[in-house]
Enquirer: 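Have a look at the structure that comes next, please.
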Amino acid sequence: MNLKEIKEKYDALDNSMYGAKNIVDSLAMLYHENSKFNTHSMRKQGEKIYAFSNPYIFARSSQPFKCYPNAERIDLSVYQQELPEIDMFKIMRERRSLRTYNPEYKLSLNELNIILHQSYGVQEWSAPIGSENEGKFGLRNVPSGGGLYPLEMYVVVLNAHIPSGLYHFRPDQQSLEILKEGEFAQELLNMIQAEPYVKLGEASAVVITTGIIERVIMKYGDRGYRFLMQESGFVGMQVSLITEGIGLGSCMLGGYNDDFLNEFLGIDGVFETVNNVITIGGKPKS
Ligand SMILES: Cc1cc2nc3c(=O)[nH]c(=O)nc-3n(C[C@H](O)[C@H](O)[C@H](O)COP(=O)(O)O)c2cc1C
């Protein structure tokens with residue numbers, strides 16, 4: 001395949017301002033080409049995928065909950081209140097990235113619970129398809145390739161009704177595991193490109209999601225990485241819409257130093273890596 005030729009043909013269709021030089025040496029294009037399914041690779045991968053129909057394997061692979069056994073926990077379920085009645089289309093229309101926040105806004109535990117539990121918490125326990133292993137398969141509010149749920153969720157609390165610090169969300173328990181307490185706004189600002197445009201220092205929390213690549217490549221091979229990033233988008237969108245739905249605001253941040261942030265979270269940065277950084281805060285007063 002000659003990418004340059006394809007690109008030139010495409011330019012006539014979308015009036016693109018981008019030159020072929022951007023794609024011929026692109027690692028993204030290389031990855032994309034190499035994770036495409038064709039008749040042969042689909043059949044080959046299909047055998048691996050089929051192995052997951054085995055009830056034992058399915059039940060094991062659908063329990064992807066990272067846990068910190070020695071961490072203290074905060075049970076968020078006890079703070080759960082009635083969910084607000086909202087107009088989904090209105091929320092979709094009104095959601096916009098919010099970059100300045102009310103610095104005095106303290107996030108309630110009900111709000112924290114809604115944001116985390118409704119975006120990626122287990123909502124329902126069901127039996128894996130074809131299995132008698134009832135109640136083992138934790139379904140959530142986002143679709144997930146093969147139900148493998150490769151993401152983990154962390155929250156850096158800056159201003160809420162719990163001590164400021166880094167927490168890990170347990171989707172199966174609707175709880176937070178305390179990883180480290182402290183005021184981390186300045187530390188985050190050193191590794192995330194936020195201010196002057198996004199006032200991270202005024203935000204009440206920063207939600208960070210990571211992906212554990214092995215959970216998907218063991219079933220889908222390299223193509224699994226596409227699924228992981230799709231899911232990261234689903235969860236990011238859920239967080240954005242939910243925050244809008246409860247009267248708060250959020251902004252995704254794409255510019256961060258991966259190694260620094262992975263280290264801050266205490267993760268290896270190879271098998272588990274950051275893929276969403278989202279500031280959350282109260283809307284500014286004026
Ligand atoms: C992956 C991703 C990364 C982003 N990174 C930043 C960022 O670093 N700084 C920022 O101000 N906005 C960032 N944004 C927000 C976009 O600028 C914003 O979504 C876009 O301009 C559309 O505006 P809206 O979200 O208000 O509809 C990011 C959005 C996405 C999806």
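Order of listing sets the numbers, starting from 1, for every ligand and every atom in it. Since the model is a prediction, treat every value here as computed from it, not as a measurement. The analysis underlying the following values was restricted to heavy atoms, covering all of them including side chains, and did not include hydrogens, waters or symmetry mates.
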Enquirer: Heavy-atom distance to atom 12 (N) of ligand 1: which of M237, R99, Q193 wins?
Expert: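 Closest candidate by heavy-atom distance is R99.
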Enquirer: Quiz question for you: does at least one protein heavy atom lie closer than 4.0 Å to atom 18 (C) of ligand 1?
Expert: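 So atom 18 (C) of ligand 1 has protein heavy-atom neighbours under 4.0 Å.
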Enquirer: Would you say C251 and ligand 1 have an N/O pair spaced under 3.5 Å apart?
Expert: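 For ligand 1, there is no N or O atom that lies under 3.5 Å from one belonging to C251.
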Enquirer: Establish whether atom 15 (C) of ligand 1 and some protein heavy atom are separated by less than 4.0 angstrom.
Expert: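 So far as the 4.0 Å threshold goes, atom 15 (C) of ligand 1 is in reach of a protein heavy atom.
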Enquirer: Could you tell me whether E33 and K36 make a salt bridge, using a distance below 4.0 angstrom between a side-chain N and a carboxylate O?
Expert: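 Salt bridge present between E33 and K36.
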Enquirer: Which residue is it: I278, V155, N276, L261? I am looking for the one with a side-chain contact (heavy atoms from CB on, under 4.5 Å) to I208.
Expert: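 Single side-chain contact (heavy atoms from CB on, under 4.5 Å) partner of I208 among I278, V155, N276, L261: L261.
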Enquirer: What residue and atom, counting heavy atoms only, is the protein's closest point to atom 27 (O) of ligand 1, and at what distance?
Expert: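 Protein heavy atom at minimum distance: R95 NH2, 2.8 Å.
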Enquirer: How about Q174 and N113: does a side-chain donor come under 3.5 Å of a side-chain acceptor?
Expert: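 Distance-only check passes for Q174 and N113.
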Enquirer: Provide, to 0.1 Å, the distance between atom 26 (O) of ligand 1 and the closest protein heavy atom, together with that atom's residue and name.
Expert: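 Result for atom 26 (O) of ligand 1: S97 N, 2.8 Å.
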Enquirer: I need the single residue from H168, E272, E152, K66 that forms a side chain to side chain donor-acceptor pair (under 3.5 Å) with T210. Which is it?
Expert: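 Of the listed residues H168, E272, E152, K66, the side chain to side chain donor-acceptor pair (under 3.5 Å) partner of T210 is E272.
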Enquirer: Between S77 and D75, do the side chains contain a donor N or O and an acceptor N or O under 3.5 Å apart?
Expert: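 Indeed, the side chains of D75 and S77 share at least one donor-acceptor pair under 3.5 Å.
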Enquirer: Which residue holds the protein heavy atom closest to atom 3 (C) of ligand 1, what is that atom called, and what is the gap in Å?
Expert: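 Sorting protein heavy atoms by distance from atom 3 (C) of ligand 1 puts G254 N, 3.6 Å first.
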Enquirer: Considering only non-hydrogen protein atoms, determine which one is nearest to atom 9 (N) of ligand 1 and report residue, atom name and distance to 0.1 Å.
Expert: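 Ranked first by proximity to atom 9 (N) of ligand 1 is L253 CD2, 3.8 Å.
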Enquirer: Given side chain to side chain contact (heavy atoms under 4.5 Å, CB included), test E263 with M191 step by step and report yes or no.
Expert: CA-CA 11 Å; E263 198 179 324; M191 40 194 158; over 6 Å; no
Enquirer: Under a 4.0 angstrom heavy-atom cut-off, which atoms of ligand 1 come close to V198?
Expert: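 Counting atoms of ligand 1 from 1, those under 4.0 Å from V198 are 10 (C), 11 (O).
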Enquirer: Compute the shortest N/O to N/O distance between M252 and ligand 1 and return yes if it is under 3.5 Å, no if not.
Expert: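 Right, the criterion is met.
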Enquirer: Regarding K283 and the six-membered ring of Y105, is the cationic atom NZ or CZ under 6.0 Å from the ring centre and inside 45° of its axis?
Expert: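 The answer is no, since K283 fails at least one limit relative to Y105.
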